[in-house]
Amino acid sequence: MIDLKAARQEPDRYRAALARRGAGADLDALLAADARWREHTERAESLRAQQKRSSKGKPGPDELAELRGLAAELTAAAEDQAQAAAERDELLARIPNLPDPSAADGMDEADAELVRTWGEPPAFDFEPRDHLDLGSPTGWVDMARGARLSGSRFAYRMGDVALAEMALYRFVLDRLAGKGFLPVLPPILVGERAMYGTGFLPTEESNLYRLEKDDLYLTGTSEVALAGIHMDERLEEEQLPARYVAFTTNFRREAGAAGKDTKGMFRVHQFDKVEMYVYCRPEESAGFHEQLLAHEEELVQALGLPYRVMNIAVGDLGAPAAKKYDIEAWFPAQRRYREITSCSNTTDYQARRLNVRFRRGGKLDFVHTLNGTGATARALLSIMENFQDEHGTVTVPEVLRQYGAPATLGTRPPAAGQS
RNA sequence: GGUGGAGUCGCCUAGUGGCCGAGGGCGCACGCCUCGAAAGCGUGUGAGGGGGCAACCCCUCCGUGGGUUCAAAUCCCACCUCCACCGCCA
C-alpha cells in the first residue's frame, strides 16, 4: 500500500503521480475517508481517556450511573471509528503503487517502450510450426487429454518435452543459486493475508483459485510465498539484501482472457515457474531492478533466444509495481515477440502490506521488494519454435543438456501407452 | 481427527477483575568507577496511530477474534500456533 501519512502531507505530489496510471480520483476519495476517520478517532479517544481517568477505583452509586452513560457514549463513538476505518482501509487497499518516473507513459500494452533488442529472428525456408504442431504428433504436448481431464487450458507434457522442461528449470535454478539466490520450495496454498499483502487481493480476485472449504488460495506465482517469508518480521540491516529463488507450480483462472491464446500451452491455468525475489534497502531497489533484468537477459541469451526488452506503461502495471520490464522472446509461428519473463520493482508497496521492516541506526523502515521471472515453460515453447527444422525436429540448447534434456526433440515418441 | 498443557514488552519470567493501561531478571545503550577492562553502581530501553512549530500530550497493543463488566493480561466463547500422548494415513 502507499504511505498514507505521506499522501496526507503531500496530496498534490501523490495525486499527480497516481493520475499517470488513472488513480488520481481514487486518491481523493481515500483522503476524504481518511479525514472522516480522524474526526471519529479524536472523539473516541478523548472519551476513552476520560473513562480511564475516572475508573481508577471502586465507584459510588452516583458515579456508577455516570460511568455507565460514558461507556454507552464510548461504544457508539468506537463503532463510528471502526466503520470509518473500514471504509478508509478498503479504499487504501485498492490504491496502486506510485509509479516510478522512469516507467513508460500510457495506459495499455501498446504503450510499452522498447528498451533494446537482442538476437535475430531465425529465417526459415519453410513454414515454421508452432509448439503444438511440433509437439502433438509425438504426443509430447497433449492438450486434448488435458482438456478431457481438467477442461480447457490444461496441458500434458510428456517424454522428451517433459525432460527438457525440467532441465530448463534446473538450469535456471542452478545459475541463480550461483548468483546468491537461496533456492526455496515454498507452499503454494496460502492464506488470505499473503494474497492481500502481495497486492493480488483485492484487485486480482477474479484470477485466483480459491479453496472455499479451507479458506486458502492457490498462488499464481511464487512471489506470494517468497514475499511471505519475512511477513511481520524485523530484519537487521546486515540481512539485506535477502535474495530467494523458488520453483513452484502456479495457478491462474485467466478470467477475462477468453479467446486469447487459445491454442496450445502458451496460456494455461497451471504452469511451472522459477522466480526470483529480493528484499533490499530502499535506496537499492532501482539498482536491483536492473540487476534482475540483467540476470533474465543472461539466461535468455544462454538459451540463444532472440528477444526484446520492454518498459511497461504505467497504466498496464499490476497494482504493486512501480516499474516493470518484460522480456519478450520471438515466436516464429506467431511472427511476433511475446512475454516470457517479467520483473517488477514493487518498492515498499508489498513491504507495507506485509509489514516487513528492517532496523538501521535504531530506526525501523520498510524494505523494498522486487520480483522477476527466472523461467517458465514459455521459454521452452520459444525454444521449440525457434530451433525447429523442416522435419519438425528441435535442437535443444547446449546448456540444457547437462541438466538432462535430450539433444533433440521430435525424434522419438513417449515410450509408454502410445496411442 | 481426539485428549491434555502452553502462548505476557529482543530472551526468561511475575501476574486469578480496579494499587499490573504491565513488575523483575537477562541482554542492549549511555554514564559513574578504572591506566584500560571486568565486576559493581546509576539511568534508559518495544510497536502502531492521532494531535502539536516544538518541549510534549493522548489512544491502541499481554497469540487472534468475539463476549461479559462502569472497569479484563486476569472471567466466558471460538479460532490459530507450539508441545505431549492417542487414532488414522503417507
Side-chain angles (χ1 to χ4, degrees), chain A residues 1-11 14 27 30-93 95 185-197 201 210-217 224-225 228-240 242 249 279 282 348-368:
Chain A
M1 69 184 88
I2 61 164
D3 183 348
L4 182 55
K5 212 190 286 184
R8 215 182 266 147
Q9 281 162 0
E10 303 179 84
Y14 272 71
L27 179 75
L30 171 66
L31 291 175
D34 178 57
R36 284 193 296 277
W37 170 79
R38 274 185 296 164
E39 274 173 40
H40 285 117
T41 296
E42 279 172 44
R43 175 169 161 72
E45 285 189 355
S46 73
L47 284 170
R48 200 173 283 121
Q50 198 182 330
Q51 182 187 59
K52 282 174 69 166
R53 276 193 300 273
S54 34
S55 68
K56 285 293 177 199
K58 219 171 238 176
D62 292 352
E63 281 172 299
L64 195 61
E66 205 181 307
L67 285 171
R68 285 205 173 111
L70 184 61
E73 212 178 331
L74 176 58
T75 302
E79 269 167 26
D80 290 345
Q81 183 192 12
Q83 198 192 328
E87 285 169 12
R88 181 200 63 178
D89 291 345
E90 194 167 318
L91 292 168
L92 180 59
I95 301 278
L185 293 171
I188 56 178
L189 274 173
V190 303
E192 193 179 56
R193 172 85 200 285
M195 279 297 185
Y196 262 98
L201 283 175
R210 179 175 175 211
L211 281 75
E212 194 128 2
K213 254 186 193 171
D214 301 283
D215 209 18
L216 291 169
Y217 293 86
V224 179
I229 290 178
H230 294 298
M231 185 160 81
D232 289 326
E233 290 185 11
R234 295 188 295 198
L235 303 173
E236 296 302 326
E237 191 178 9
E238 302 75 53
Q239 289 176 261
L240 301 175
T249 298
Y279 299 76
D348 60 356
Y349 193 84
Q350 293 181 333
R352 283 180 187 280
R353 290 175 159 234
L354 289 165
N355 190 25
V356 183
R357 292 173 295 168
F358 75 107
R359 188 180 293 283
R360 168 158 65 178
K363 287 265 182 192
L364 283 171
D365 197 6
F366 290 104
V367 300
H368 276 201

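Each chain gets a letter, A, B and so on, in the order its sequence line appears, and its residues count up from 1. None of these values were measured; they are calculated from a predicted model.
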(request) Could you check which nucleotide pairs with C35(B) in any of the strands shown, counting Watson-Crick or G-U wobble with both distances under 3.5 Å? (result) none
(message) If you assign each of Ser46(A) and Lys5(A) to its closest nucleotide in RNA chain B, which residue comes earlier from the 5' end?
(response) Lys5(A)
(message) Only pairs with both distances under 3.5 Å count, Watson-Crick or wobble alike; so what is the partner of G87(B) in this structure?
(response) none
(request) Write down the distance between CZ (Arg193(A)) and P (C80(B)), rounded to a whole number of angstrom. (result) 18 Å
(request) Decide yes or no for Ile95(A) and Met1(A): does some side-chain heavy atom of the first lie under 4.5 Å from some side-chain heavy atom of the second? (result) no
(message) Applying side-chain hydrogen bond (donor to acceptor under 3.5 Å, both in side chains), can you list everything that pairs with Arg193(A), at least two apart in sequence or on another chain?
(response) Asp232(A)
(message) How many whole angstroms separate atom CZ of Arg48(A) from atom P of A71(B)?
(response) 12 Å
(message) Which heavy atom of Trp37(A) sits nearest to which heavy atom of Gln81(A), and what is that distance?
(response) CD1-O, 3.8 Å
With 3.5 Å as the limit, what N/O pairs link the protein to nucleotides 46-48 of chain B?
{"unit_1": "G46(B)", "atom_1": "O2'", "unit_2": "Arg234(A)", "atom_2": "NH1", "d": "3.1"}
{"unit_1": "A47(B)", "atom_1": "O3'", "unit_2": "Arg357(A)", "atom_2": "NH1", "d": "2.7"}
{"unit_1": "G48(B)", "atom_1": "OP1", "unit_2": "Arg357(A)", "atom_2": "NH1", "d": "2.5"}

(message) In whole Å, measure the gap between the C1' atoms of C61(B) and A55(B) for me.
(response) 26 Å
(message) Which is more 5' along RNA chain B, the nucleotide nearest Ala71(A) or the one nearest Asp34(A)? Just name the residue.
(response) Asp34(A)
(request) Before accepting this row, confirm whether a basic side-chain N of the pair Arg210(A)/Asp215(A) lies closer than 4.0 Å to the acidic partner's carboxylate O. (result) yes
Nucleotides 62-65 of chain B: which of its N/O atoms have a protein N/O under 3.5 Å away?
none

(message) Taking only the P atom of each, what is the distance from A78(B) to C20(B) in whole angstrom?
(response) 32 Å
(request) Identify, with sequence neighbours excluded, every residue that meets side-chain contact (heavy atoms from CB on, under 4.5 Å) alongside Ala6(A). (result) Asp3(A), Tyr14(A)
(message) Taking ring pair (Phe, Tyr, Trp, His ring centres under 6.0 Å) as the definition, give me every residue that meets it alongside His40(A), ordered by chain and number, with sequence neighbours left out.
(response) none
(message) Suppose the criterion is side-chain hydrogen bond (donor to acceptor under 3.5 Å, both in side chains): which pairs have a residue in residues 71-80 of chain A, not counting sequence neighbours?
(response) none
(request) Determine which nucleotide pairs with C28(B), using a 3.5 Å limit on both distances of a Watson-Crick or G-U wobble pair. (result) G44(B)
(request) Could you tell me which nucleotide pairs with A54(B) by Watson-Crick or G-U wobble geometry, both distances under 3.5 Å, or answer none if nothing does? (result) none
(request) State which of G50(B), C58(B), A71(B) makes the closest approach to the side chain of Ala49(A). (result) C58(B)
(request) With C1' as the reference atom in both, quote the distance from C26(B) to G21(B) in angstrom, rounded to an integer. (result) 25 Å
(message) Just the rounded figure in Å: distance from P of G49(B) to CZ of Arg88(A).
(response) 10 Å
(message) Suppose you measure atom C1' in G63(B) against the same atom in C59(B); what distance do you get, rounded to whole Å?
(response) 22 Å
(request) In whole angstrom, give the distance that lies between atom CG of Leu47(A) and atom C1' of C70(B). (result) 14 Å
(request) Using the C1' atom on both, measure C62(B) against A22(B) and round to a whole Å. (result) 8 Å
(request) Calculate the interatomic distance between Asp232(A) atom CG and C61(B) atom C1'; express it in whole Å. (result) 13 Å
(message) Take a 6.0 Å sphere around CD of Glu233(A) and say whether it holds more than 12 heavy atoms from other residues, nucleotides or ligands.
(response) yes
(request) Using the P atom on both, measure G15(B) against U74(B) and round to a whole Å. (result) 16 Å
(request) Using the C1' atoms only, state how far U81(B) lies from G17(B), rounded to an integer number of Å. (result) 28 Å
(request) Using Watson-Crick or G-U wobble geometry with both distances below 3.5 Å, tell me the partner of U81(B), or none. (result) A6(B)
Identify all pairs in which a protein N or O lies below 3.5 Å from an N or O of nucleotides 72-79 of chain B, and state each distance.
none

(message) When both hydrogen-bonding distances must be under 3.5 Å and the geometry is Watson-Crick or G-U wobble, what is U68(B) paired with, if anything?
(response) none
(message) With a 4.0 Å cutoff (strictly under), does any side-chain N or O of Arg8(A) reach OP1 or OP2 of G50(B)?
(response) yes
(request) Can you tell me, in whole Å, how much space there is between the P of A14(B) and that of C79(B)? (result) 28 Å
(request) Go through the structure and list residues passing side-chain hydrogen bond (donor to acceptor under 3.5 Å, both in side chains) with Arg360(A), not counting sequence neighbours. (result) Glu283(A)
(message) In this structure, how many angstroms lie between the P atom of G50(B) and the CD atom of Gln81(A), rounded?
(response) 11 Å
(request) For Glu237(A), enumerate each residue passing the side-chain hydrogen bond (donor to acceptor under 3.5 Å, both in side chains) test, keeping only those at least two apart in sequence or located in another chain. (result) Arg281(A)
(message) According to side-chain contact (heavy atoms from CB on, under 4.5 Å), who are the partners of Gln239(A), at least two apart in sequence or on a separate chain?
(response) Leu235(A), Glu236(A)
(request) With a 3.5 angstrom cut-off on both distances, give the Watson-Crick or G-U wobble partner of A14(B), or none if there isn't one. (result) none
(request) Search all heavy atoms of Arg43(A) against all heavy atoms of Ala77(A) and return the closest pair with its distance. (result) NE-CB, 4.3 Å
(request) Taking all heavy atoms of Phe366(A) and all of Phe358(A), pick out the closest pair and write down the distance. (result) O-CE2, 3.7 Å
(message) Among residues at least two apart in sequence or on other chains, which ones pass side-chain contact (heavy atoms from CB on, under 4.5 Å) with Asp89(A)?
(response) none
(message) Any non-hydrogen side-chain atom of Arg8(A) less than 4.5 Å from a side-chain atom of Lys5(A)?
(response) yes
(message) For C19(B), give the paired nucleotide (Watson-Crick: N1-N3 plus N6-O4 or O6-N4; G-U: N1-O2 and O6-N3; both under 3.5 Å), or none.
(response) none
(message) Contact between Leu92(A) and Asp34(A) at the side-chain level, heavy atoms closer than 4.5 Å - yes or no?
(response) no
(message) What residues from residues 35-42 of chain A pass a heavy-atom cutoff of under 4.0 Å to RNA chain B?
(response) Trp37(A), Arg38(A), Glu42(A)
